[in-house]
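Report on the structure given below.
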Amino acid sequence: MSAVPVVGRRILVTGGAGFLGSHLCETLLSQGHEVLCVDNFFSSTRRNVEHLLDHPRFELMRHDVTFPLFVEVDEIYNLACPASPVHYQHDPVQTTKTSVHGAINMLGLAKRLRARILQASTSEVYGDPEVHPQVESYWGNVNPIGIRSCYDEGKRCAETLFFDYHRQHKLRTKVIRIFNTYGPRMHPNDGRVVSNFVMQALRGEDITLFGDGSQTRSFCYVDDLIRGMVSMMGTADDFTGPVNLGNPGEFTIRELAEQVIALTGAKSKLVFRPLPSDDPRQRRPDISLAREALDWEPHVALTEGLRHTIAYFESILSTGAAPLPARS
Ligand code: NAD
Ligand code: UDP
């Protein structure tokens, strides 16, 4: 049998079976690239990439990025890391190891291969921000010893490593700071606010607002985010970021709950639960840099994105696809 000709690049996506990773793999395949998806399935299952398994340019490898990896690729997207508080607080030591050892291993791989490498960092590097909206030059307000620190400080250390590899080894590194992103293939039990509210509404359960629901977040639809991520990888070698990627539309958590109820037609009541510690009061990206450097801005409004997301969770419930185990 003759080998399938590859017109694109060989691209490694760590965390490729996760919510964002699976969409990224699809996009890269559609652009003609060869994709090596590496994941240890800590917060995902093969189901997210099942539809890609027969694709001639797709390969799935079970591997934990806290251990070295020896493969040959041209580009690396480093997404491996649980992203929801329920998941990353389940095994906080492993979360820090994934961010820090994972970054060291993937940067080491990029150094050997002289490959471009992009880090999926987060708005959590700003902690509970005192500057609003958040600009990339803001250093953040992060508790180093709280229950979110394994994620926040792990991601901050990974950013440090990316910038030191760039300065010290002239590596072509890129850092994006992702703000709350939602859409199909979110883990139904991950405890994140969009998946929680949609699942609760579809099941006719009460909607759980933590605190009084006046804290804000800015929600970006997955398709917009992936477009920005791929565009960042394509920028000139000397452009490292960090670049904020997110939707500047800002909503209180209560407003989000009301939108979900309106769109699902659910009879759910709003109920109030204690606010988890260190929960940021407000979050909204300043995306001036992304607009200027990437010619990027999000197009999908919250209502439209929620409709797609609700349809996805409805299909999970109606087909009886077993929800993944909760980690709390
Ligand atoms: P996700 O949990 O769905 O995906 C993360 C993937 O990484 C999962 O498939 C998981 O199994 C895998 N993984 C975890 N530890 C690993 C390890 N040690 N080795 C190999 N694979 C491992 O989360 P997501 O929302 O798709 O997030 C992807 C990336 O984007 C993460 O790095 C996250 O920090 C970042 N991010 C996401 C958001 C968001 O709103 N979705 C916001 C900010 C940053
Ligand atoms: N939240 C909530 N009810 C839920 C889940 C989350 O009110 O059932 C709140 C949470 O306290 C936070 C916001 O929604 O203020 C976003 O939470 P998420 O875990 O999605 O993301 P993050 O806090 O990491 O931005």
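In listed order, ligands and their atoms are each counted from 1.
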Looking at ligand 1, does any of its N/O atoms fall within less than 3.5 Å of an N/O of [X]?
X: D64; value: yes
X: T181; value: yes
X: G18; value: yes
X: I178; value: no
X: N78; value: no
X: F42; value: yes
X: L20; value: yes
X: D39; value: yes

Among all protein non-hydrogen atoms, which one is nearest to [atom], and what is the separation to 0.1 Å?
atom: atom 23 (O) of ligand 1; value: A83 CB, 3.5 Å
atom: atom 1 (N) of ligand 2; value: F210 CD1, 3.5 Å
atom: atom 13 (N) of ligand 1; value: N40 OD1, 3.4 Å
atom: atom 3 (O) of ligand 1; value: F19 N, 2.9 Å
atom: atom 10 (C) of ligand 1; value: S43 OG, 3.2 Å
atom: atom 8 (O) of ligand 2; value: N196 ND2, 2.8 Å
atom: atom 5 (C) of ligand 1; value: C81 O, 3.2 Å
atom: atom 29 (C) of ligand 1; value: L79 O, 3.3 Å

Query raised in the report: Taking both backbone and side-chain atoms of L275, is any N or O found less than 3.5 Å from an N or O belonging to ligand 2?
Result: no
Query - Any N/O pair R192/ligand 2 closer than 3.5 Å - result: no
Considering [options] one by one, which has a heavy atom nearer to [atom] than any of the others?
atom: atom 19 (N) of ligand 1; options: T66, V125, V65; result: V65
atom: atom 10 (C) of ligand 2; options: D279, V194, I253; result: D279
atom: atom 23 (O) of ligand 2; options: R254, R148, R283, E124; result: R148
atom: atom 39 (C) of ligand 1; options: H87, H101, R192; result: R192

**Report entry** pair L28-R57: side-chain heavy atoms closer than 4.5 Å
**Finding:** no
Would [X] count as a contact of ligand 2 if the rule is a heavy atom under 4.0 Å away?
X: R273; result: no
X: G191; result: yes
X: P85; result: yes

Query raised in the report: Any idea how F19 and H23 line up, ring-wise: parallel (<30°), tilted (30 to 60°), or perpendicular (>60°)?
Result: perpendicular
**Report entry** Parallel, tilted or perpendicular, as decided by the 30° and 60° cut-offs, for the rings of F179 and Y126
**Finding:** tilted
Applying a 4.0 Å heavy-atom criterion (strictly less than), which segment of [X] is in contact with ligand 2: side chain, backbone, both, or neither?
X: V193; result: both
X: T208; result: both
X: I207; result: neither
X: Q215; result: side chain
X: R217; result: side chain

So, [X] and [Y], do they make that salt bridge, N to O below 4.0 Å?
X: K269; Y: E205; answer: no
X: R281; Y: E130; answer: no
X: E34; Y: R10; answer: no

Query raised in the report: For ligand 2, which atoms have a heavy atom of N180 less than 4.0 angstrom away?
Result: 21 (O), 22 (P), 25 (O)
Query raised in the report: For ligand 2, which atoms have a heavy atom of L209 less than 4.0 angstrom away?
Result: 7 (O)
Check ligand 1 against [X] and write out every atom of the ligand that is under 4.0 Å from a heavy-atom position of the residue.
X: N180; answer: 40 (O)
X: Y151; answer: 33 (C), 34 (O), 36 (N), 43 (C), 44 (C)
X: H63; answer: 19 (N), 20 (C)

Report task. Identify which one of K155, R156, R177, R148 satisfies the salt bridge (Lys or Arg N to Asp or Glu O under 4.0 Å) criterion when paired with E124. Result -> R148
Query raised in the report: Can you check salt bridge (charged side-chain N to carboxylate O under 4.0 Å, His left out) on K170 and D237, steps first, answer last?
Result: CA-CA 10 Å; K170 310 284 172 267; D237 287 350; over 6 Å; no
Query raised in the report: Does the gap between the ring centers of Y221 and H308 come in under 6.0 Å?
Result: yes
Query raised in the report: Taking everything shown except R114 itself, do over 12 heavy atoms lie less than 6.0 Å from its CZ?
Result: yes
Query raised in the report: Could you state the interatomic distance from CG (L118) to CD1 (I76), rounded to the nearest 0.5 Å?
Result: 10.5 Å
Query raised in the report: A158 and Q119: which non-hydrogen atoms are nearest, and at how many Å?
Result: CB-NE2, 3.5 Å
